[in-house]
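Here the structure comes first, spelled out in structure tokens, and everything after it is commentary.
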Amino acid sequence: IRDVLRRAAGNFAKAAEAKKIAVTTECPAELSAPINAALLEQAVGNLIDNAVKYGGEGAQVVVSAGSDAVGVFIRVQDTGPGIEQRHLPRIFERFYRVDQARSRALGGTGLGLAIVKHIAQAHGGTAAVESTPGRGSTFTIRLPKA
């Protein structure tokens with residue numbers, strides 16, 4: 001899992017650096033799960049891309065992973081603008097955008113989070129979000145135990 005997170009973060013290093021956004025990864029070396037590494041890297045990359053795209057200059061993004069009684073979890077937490085509660089139930093729908101004008105200006109298609117959800121489901125897992133406007137968002141991908 002750690003290699004997947006590092007590759008995903010590395011794919012957005014230049015974009016993050018341009019906005020002075022710190023992206024860090026935290027994952028135990030031994031953490032593993034039965035995964036399609038390329039798909040999981042795409043899902044985590046979509047979350048990092050959004051965090052960098054919508055985060056203000058100097059924001060922080062922490063990509064972490066661990067395990068608990070349920071299985072493996074991967075979190076992408078940011079200190080960006082956050083998302084209003086009324087949008088959260090629909091955020092993983094295809095083409096749903098919280099702010100259509102801003103998404104278009106930043107090059108969003110409205111598919112990134114839907115792809116995250118479908119990749120999580122393809123692994124037998126789930127995708128979820130917690131967010132507070134003005135404080136940031138935490139996206140979590142949960143994968144079942146092997």
Side-chain angles (χ1 to χ4, degrees), residues 1-68 71-85 87-143:
I1 300 288
R2 184 167 72 176
D3 290 341
V4 168
L5 302 187
R6 285 181 173 172
R7 280 193 308 271
N11 291 336
F12 298 95
K14 286 187 191 234
E17 188 178 312
K19 291 181 77 175
K20 297 179 176 62
I21 293 176
V23 179
T24 58
T25 58
E26 302 169 358
C27 180
E30 70 281 355
L31 185 64
S32 65
I35 60 166
N36 177 316
L39 282 179
L40 193 58
E41 182 180 331
Q42 180 183 5
V44 174
N46 285 356
L47 296 175
I48 295 168
D49 184 29
N50 283 349
V52 169
K53 209 183 284 184
Y54 297 107
E57 190 167 306
Q60 294 181 349
V61 177
V62 178
V63 183
S64 61
S67 63
D68 57 21
V72 172
F73 58 86
I74 298 167
R75 289 193 179 106
V76 177
Q77 185 173 12
D78 67 60
T79 58
I83 304 162
E84 292 180 30
Q85 297 300 312
H87 295 291
L88 297 182
R90 298 191 60 200
I91 198 111
F92 291 101
E93 292 178 14
R94 286 181 300 161
F95 305 114
Y96 186 79
R97 296 179 183 177
V98 171
D99 181 345
Q100 291 191 5
R102 186 169 180 199
S103 292
R104 255 187 248 106
L106 295 172
T109 62
L111 291 174
L113 293 178
I115 290 168
V116 170
K117 178 182 85 170
H118 288 291
I119 290 172
Q121 289 174 339
H123 284 85
T126 60
V129 61
E130 296 175 23
S131 189
T132 303
R135 303 190 83 197
S137 302
T138 301
F139 286 85
T140 304
I141 296 172
R142 285 200 156 272
L143 307 173

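In what follows, residues are counted from 1 in the order of the sequence shown. Because the structure is a prediction, the values reported are computed rather than measured.
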Do L113 and K117 come within less than 4.5 Å of each other through their side chains, counting heavy atoms only?
no
What side-chain donor-acceptor pairs closer than 3.5 Å can you find for residues 126-133, not counting sequence neighbours?
unit_1: S131; atom_1: OG; unit_2: I83; atom_2: N; d: 2.7
unit_1: S131; atom_1: OG; unit_2: G136; atom_2: O; d: 3.1
unit_1: S131; atom_1: OG; unit_2: S137; atom_2: OG; d: 2.7

Show, in sequence, the C-alpha distance, side-chain angles and deciding distance for N46 and I119, and conclude whether the side-chain contact (heavy atoms from CB on, under 4.5 Å) test is met.
CA-CA 11 Å; N46 285 356; I119 290 172; 5.7 Å; no
Are side-chain heavy atoms of Y54 and D78 found at a separation under 4.5 Å?
no
When you look at I74 and V4, which way does the side-chain contact (heavy atoms from CB on, under 4.5 Å) test go after all the steps?
CA-CA 11 Å; I74 298 167; V4 168; over 6 Å; no
Identify the heavy atoms of A8 and I48 that sit nearest to each other, and give their distance.
C-CD1, 3.8 Å
Taking side chain to side chain donor-acceptor pair (under 3.5 Å) as the definition, give me every residue that meets it alongside Q121, ordered by chain and number, with sequence neighbours left out.
none
Identify the residue among Q85, E84, R90 that makes a side chain to side chain contact (heavy atoms under 4.5 Å, CB included) with H87.
E84
side-chain contact (heavy atoms from CB on, under 4.5 Å) between E41 and N11, intermediate numbers included
CA-CA 10 Å; E41 182 180 331; N11 291 336; 3.1 Å; yes
Could you grab the distance from atom OG1 of T140 to atom CZ of R75, nearest 0.5 Å is fine?
4.5 Å
Identify each donor-acceptor pair in which a side-chain atom of residues 20-39 lies under 3.5 Å from a protein atom, sequence neighbours left out, and give them as a table.
unit_1: N36; atom_1: OD1; unit_2: A38; atom_2: N; d: 3.2
unit_1: N36; atom_1: OD1; unit_2: L39; atom_2: N; d: 3.0

Atom CZ of F12 and atom NZ of K19: how far apart are they, to the nearest 0.5 Å?
13.0 Å
With no hydrogens and no angle check, is any side-chain donor or acceptor of D68 less than 3.5 Å from a backbone partner on G71?
yes
How far does CG of L111 sit from CD of E93, to the nearest 0.5 angstrom?
12.0 Å
